[in-house]
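The next block holds one structure in the form of structure tokens; read it before the comments.
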Amino acid sequence: VPRNATDASHPERAADLATQLAEIVVRDLGKTLAPNPVLIVSELPKTKSGKVMRRVVRAVLASDPNMGDLSGLDNPSAIELLKTVVARSH
């Protein structure tokens, strides 16, 4: 979940937000669709046109080193940030 840097850098705020988001999903969509875990980051990898590069997010979450073509990536630092957050969650 992309969030401003203030929430992402404070673990207690991030944990509260993650809990709230999970509860909303359970309430609106049902328990079987409850996200686990919910990771809070300040930015997601995006293309130059602003689209989230979901395949890169999936690759990071799966610890897959092959992320494919990254030439359209606008913010490479978001990948390292995401890797750090994923590593902390395990």
Side-chain angles (χ1 to χ4, degrees):
V1 173
R3 214 37 203 162
N4 66 38
T6 305
D7 287 341
S9 63
H10 290 85
E12 62 282 349
R13 285 187 196 162
D16 288 343
L17 181 60
T19 301
Q20 290 173 6
L21 289 170
E23 288 171 355
I24 290 168
V25 171
V26 168
R27 184 190 69 219
D28 293 351
L29 302 175
K31 191 173 182 176
T32 58
L33 296 176
N36 187 21
V38 175
L39 304 176
I40 308 297
V41 295
S42 58
E43 64 180 330
L44 291 170
K46 294 184 178 181
T47 64
K48 291 173 177 41
S49 63
K51 295 179 182 178
V52 174
M53 295 184 78
R54 293 178 290 176
R55 66 177 166 79
V56 173
V57 173
R58 280 191 297 268
V60 171
L61 291 173
S63 300
D64 183 358
N66 182 14
M67 293 183 212
D69 180 17
L70 298 177
S71 64
L73 183 63
D74 187 43
N75 55 346
S77 62
I79 295 175
E80 291 307 315
L81 173 67
L82 188 57
K83 285 181 180 179
T84 302
V85 171
V86 169
R88 270 193 261 147
S89 75
H90 289 112

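- Proximity of V86 to T84: side-chain heavy atoms (C-beta onward) are nowhere separated by under 4.5 Å.
- L21 and V26 are not part of a single hydrophobic cluster, where members link through side-chain heavy atoms under 4.5 Å apart.
- A single hydrophobic cluster is seen to contain both M53 and L39, as judged by linkage of ILVMFWY side chains at heavy-atom distances under 4.5 Å, directly or through other members.
- Interatomic distance, S77 OG to L82 CG, rounded to the nearest 0.5 Å: 11.0 Å.
- M67 has its side chain out of reach of L73: every pair of non-hydrogen atoms, C-beta onward, lies at least 4.5 Å apart.
- Side chains of L70 and P76 form no contact here, defined as non-hydrogen atoms less than 4.5 Å apart.
- T47 pairs by the side-chain hydrogen bond (donor to acceptor under 3.5 Å, both in side chains) definition with S49, not counting sequence neighbours.
- The distance from atom CG of L81 to atom CG of L44, rounded to the nearest 0.5 Å, is 8.5 Å.
- The side chain to side chain donor-acceptor pair (under 3.5 Å) pairs that include a residue from residues 21-37 number zero, where partners must be two or more places apart or lie in different chains.
- A14 and I40 get closest at one heavy-atom pair: O-CG1, 3.6 Å.
- Note on residues 62-83: pairs passing salt bridge (Lys or Arg N to Asp or Glu O under 4.0 Å), not counting sequence neighbours, are E80-K83.
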